[in-house]
Amino acid sequence: MEEEKEAGSFLDVPKDIPIATTKSLTIRTNGGFSSSSDRSNPISPAISITPHLYSPSPPSSAFVSALQSPYISPRDTDAPSASRTPPSERYDSGGIDPATKVSDCGGGVQPRVSFSFPVPRVSFTRGSVASPSSNAKLRSCDVYIGYHGNGSLGRFCKWLKSELELQGIASFVADRAKYSDTQSHEIADRIICSVAFGVIVVTMSSFLNPFSLEEIRFFAQKKNLVPILFDTEPPEIAGLFDGKLEDKEGKEAFEGLMRCHEFKLEANETNWRSCVSKTVTLLRSKLGRKSIAEKESEGPEGMPFPRNRHFVGREKELSEIEGMFFGSTVDIQEVDCPRGSAANDRSSGVSDGFADEESDTVRTSNARYISLEMRKCKEPTLEAWIDPVIELSSGKGRNLQKQRSKHRRSRFRCNSKGYGSASVLCITGSSGIGKTELALEFAYRYSQRYKMVLWIGGEARYLRQNILNLSMNLGLDISAEAEKERGRIRSFEEQEFDAFQRVKRELFRDVPYLLVIDNLESERDWWEGKDLHDFIPRNTGATHVIVTTRLPRVINLEPMQLPQLSYNDAMILIKGKQKNDYPPEEMEVLRKLDERLGRLSFGLWIVGSLLSELMITPSTLFEAVERISLNESLFPLGANDDGFCRNNSFLIKVLVFCFALMDRAKGGSLTSKMIIAGSWLAPAPVSSTLLAATASKLPMKGSMHLLGESLKTAFLCGTHCFLAPHGRKAEVESALLLVKLGLARKATRHPGCWIQFHPITQLFGKIRGGLAPTTAAVNGVMRAGNPSVYSDHLWASAFLVFGFKSEPPSVQLKAVDMVHFIRKTALPLAIDSFMTFSRCGSALELLKVCTNVLEEVEKSYASRIQDLNRGSLCWRKKLQPNHRVDEFVWQEVTLLKATLLETRAKLLLRGGLFDTGEELCRTCISIRTVMLGHGHAHTLAAQETLAKLVRYRSKI
């Protein structure tokens, strides 16, 4: 009776969880197994349930958390123990449990015993256990997450654990069927008994696994079970027990599961994210925790563009990507997974593993798991991820397993070569073949398997900033202000490296993200020449990365070479919105169009859009396009198109035809000018407002002479109904016209009307307009410049004005315009890049270039004023009336130079470059003293900055 009372007190749970009033589970144990046949039967019919859940244990405050569980050295065999050994007598002088010294080749198996708890997070084969005084430092777990399986199921459970930890809910995730040693089971058992709630992710295979049955029955009896049905439904599980009266444990587990299934948490391939969010919200509410993270969005979060409703084909490629990321999909009865030793590789019901499922594992040739240090392991082999097979020796067990396998529909992943183990995929192909559309379709189809889809452009100049921009999506603060709070000054290299590392740590962990790097131009960073390996690690955690590029190979990955669409898919795409089939002669014309376009998806979609919008026949369109003569000036020497325009001349004719149509439509001249000027902006989403601002600065004449006289007959095809106005703003209407023609995509991340040009459209716009529109692009950016909104486009304008590195500038601004550009665009951009994203080197380089440009302008004006005043440099002397503006501009240039010097000094202070900062600050003070006077506020501010520099340098 005393023993029963003691057991009852051990099963006490928090007050808000009622104790089950049903009859306690019966526990019967034996001392071990003596024959080899018994080794394959860890759950004997004589045992109703393993005894570990109901064994005495320390108080819950001493239980190990998921982040503090140890690495466990593996054992081949494991069996329940007949008795419990006092903790003080259980270890030898070296601190090692004698049970771990059993030889793997021995004939007998030692009974499973308990051990002193807790233990350090190290291998038990290397050191001693932690002292009891360290127990106070260990915190208890709030939630236990149990499952049985591999592949997608493991990803789901680790994702759930990470989200709970983000909310401050300590969690432990385990598949106890993989544990082969006593220590691992003891840790999991005691955590199970201490947690407030048990989340069991239930599949059909859970009812083949005695440990999962044990967990369901235990938590159901305590009335703190939170079941999640994963890829299965209650009727399917109930079908396992039809006419099987002998399976009392399974029925009891199913009844307990149904009693606790009040919240209807069910996960399938279409709702992973929402199921994780609902589970976290439920547990947070039950535990009385306040929300730390923002509420998850139910929609396809992070998508840059709307889904293409007219996407066709590519089913084979989509299946290949799914197989590479998640493994091939097959029914369990048809799986034939190769193993290293088929004769000796029969599972005993508990495969090898670790107490904490976060540890990396790898399977050796004799089918055992070994412990590896984190971040120093090879990729798991094929066999390491195969579901363990539960073999029941009795006839009843075999029949039950056969019955369950017959009803089991849930799928699991069997890794064949190259499948299920990839985390980074490179899609390569020619421009316009459909790489971006394939990545976008995959992202939409499988968005629920990821917490968020992160999409960035891979263009060389903007890749670094795009990577750091991910901090905003991930909720990270990598600003310089956060660096200031560290209490010590670090170099700029350390600060930038730490900003990248924080993004990498958050992105590549157990929370599954899908990162798409679209249109990667180079493997090396344009700014510092760093390799892409510096950002994408070998181990990406649960995150998957898709890279689309024209490069033949990226970071030594075997690329997926994207082929052309099939003929049938090409015909569907080129028809556009046309539902009915064309006559045979028109189908022949479509075949010719397909052939002339090289079956590029981009060209096929444009032709389909033209046929739909103009409501003309393919033969009429083909004749009109064929009559267009291309001017040689459309193919300038040295154009950075890799010969694309010359190799796709018919597609260029189609684009010329589109431009002519836009000029013919009402307000269409604005549309074509938006492309010509906007092509010099960054390859990123841009608002219709900014495009209109750039187009308004473009001369009205344009480059219509390139179209040739033959276009006069092109418009006999009937364009009278083309794009009637809908009462919206002209810039919005023009932007939507570009989307309707397939020349641009509509962006979804920003309010208002934002679009992004297709790379081919942007290339054609640059070639068509030449360098003249660059000034219009810069002037438009100056009008709308907002670093927090148009960061990429402000950088694009800086590249045009200053050139950077060995590239010459493309725009020559007047002195007045240069002062305005630096003050309104370059200076705010540099400060925002430095302060918000810790882009220290890029920001300082931009400010240095601005200073050098102003010095050149200053010298030029000083020389002119000196000539006008016969060598006198006194700017106060009266000048001719027509030269007063020059004198005023000279003052503005000089004062702006002083502002740049002070700004650079302040930023250098944050990086510990006190000597250089002091020199710049003294120059600034000298300029302001002469120009403004000693007592001016700006002069005093510079003196304060200098005092701070001197004070910091003296401290160091």
Side-chain angles (χ1 to χ4, degrees), residues 52-53 63-72 118 121 138-180 183-203 205-206 209 211-212 214-216 218-219 224-231 265 267 272-273 275-280 282-284 287 350-361 369 371 374 380 384-385 387-388 412 449 451 509-512 541-543:
H52 319 302
L53 295 183
F63 292 142
V64 68
S65 71
L67 299 178
Q68 295 165 323
S69 59
Y71 293 109
I72 304 297
R121 191 179 175 87
L138 300 176
R139 57 191 175 90
S140 64
C141 290
D142 300 308
V143 175
Y144 171 84
I145 303 173
Y147 73 101
H148 175 56
N150 276 318
S152 297
L153 181 59
R155 284 172 55 85
F156 178 84
C157 294
K158 289 183 178 182
W159 181 6
L160 177 59
K161 174 185 180 298
S162 299
E163 292 295 332
L164 290 172
E165 294 285 353
L166 183 63
Q167 299 291 336
I169 301 174
S171 308
F172 186 91
V173 59
D175 181 357
R176 292 194 299 147
K178 294 181 180 179
Y179 295 170
S180 65
Q183 292 91 337
S184 300
H185 279 284
E186 289 289 345
I187 291 175
D189 292 349
R190 299 189 182 194
I191 290 176
I192 288 173
C193 295
S194 71
V195 295
F197 291 96
V199 177
I200 308 300
V201 185
V202 181
T203 63
S205 63
S206 300
N209 177 27
F211 293 99
S212 297
E214 180 181 271
E215 292 166 358
I216 295 173
F218 178 78
F219 286 117
N224 61 350
L225 172 66
V226 180
I228 301 177
L229 300 187
F230 187 89
D231 228 1
L265 297 175
W272 278 24
R273 186 193 307 156
C275 184
V276 169
S277 178
K278 290 178 183 178
T279 306
V280 171
L282 172 65
L283 292 172
R284 189 178 66 227
L287 291 169
V350 281
S351 61
D352 309 279
F354 300 102
D356 189 350
E357 293 297 325
E358 289 182 292
S359 307
D360 292 330
T361 60
Y369 283 84
S371 176
M374 294 296 288
W385 296 98
D387 282 339
F412 78 100
R449 298 193 186 185
K451 178 179 180 180
R509 57 189 186 97
D510 280 342
V511 175
T543 295

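Here, residue 1 is the first one in the sequence, and each next residue gets the next number.
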Indicate the atoms forming the closest heavy-atom contact of [X] with [Y], along with that distance.
{"X": "Ser206", "Y": "Val201", "result": "OG-O, 3.7 Å"}
{"X": "Ala542", "Y": "Arg155", "result": "O-NH1, 2.8 Å"}
{"X": "Ser171", "Y": "Lys161", "result": "O-CE, 3.6 Å"}

[X] [atom1] to [Y] [atom2] distance, which is reported to the nearest 0.5 Å:
{"X": "Thr279", "Y": "Ile145", "atom1": "OG1", "atom2": "CD1", "result": "9.0 Å"}
{"X": "Phe197", "Y": "Leu164", "atom1": "CZ", "atom2": "CG", "result": "12.0 Å"}
{"X": "Lys451", "Y": "Thr543", "atom1": "NZ", "atom2": "OG1", "result": "10.5 Å"}
{"X": "Ile192", "Y": "Glu215", "atom1": "CD1", "atom2": "CD", "result": "4.5 Å"}
{"X": "Ile200", "Y": "Tyr144", "atom1": "CD1", "atom2": "OH", "result": "6.0 Å"}
{"X": "Asn224", "Y": "Phe218", "atom1": "CG", "atom2": "CZ", "result": "7.5 Å"}

Flag the pair [X] / [Y] as yes when at least one side-chain heavy-atom distance between them is below 4.5 Å, and no otherwise.
{"X": "Leu160", "Y": "Ile228", "answer": "yes"}
{"X": "Pro512", "Y": "Trp272", "answer": "no"}
{"X": "Val195", "Y": "Phe219", "answer": "yes"}
{"X": "Leu265", "Y": "Val199", "answer": "no"}

Walk me through whether Val202 and Leu229 qualify under side chain to side chain contact (heavy atoms under 4.5 Å, CB included).
CA-CA 5 Å; Val202 181; Leu229 300 187; 3.9 Å; yes

Would you mind telling me which of Glu165, Glu163, Lys158 makes a side chain to side chain contact (heavy atoms under 4.5 Å, CB included) with Asp510?
Lys158

Between Thr203 and Asp231, is a side chain to side chain contact (heavy atoms under 4.5 Å, CB included) present by the stated rule, with each step listed?
CA-CA 7 Å; Thr203 63; Asp231 228 1; 5.8 Å; no

Take Leu153 and Asp175 through the side chain to side chain contact (heavy atoms under 4.5 Å, CB included) test and state the conclusion after the steps.
CA-CA 11 Å; Leu153 181 59; Asp175 181 357; over 6 Å; no

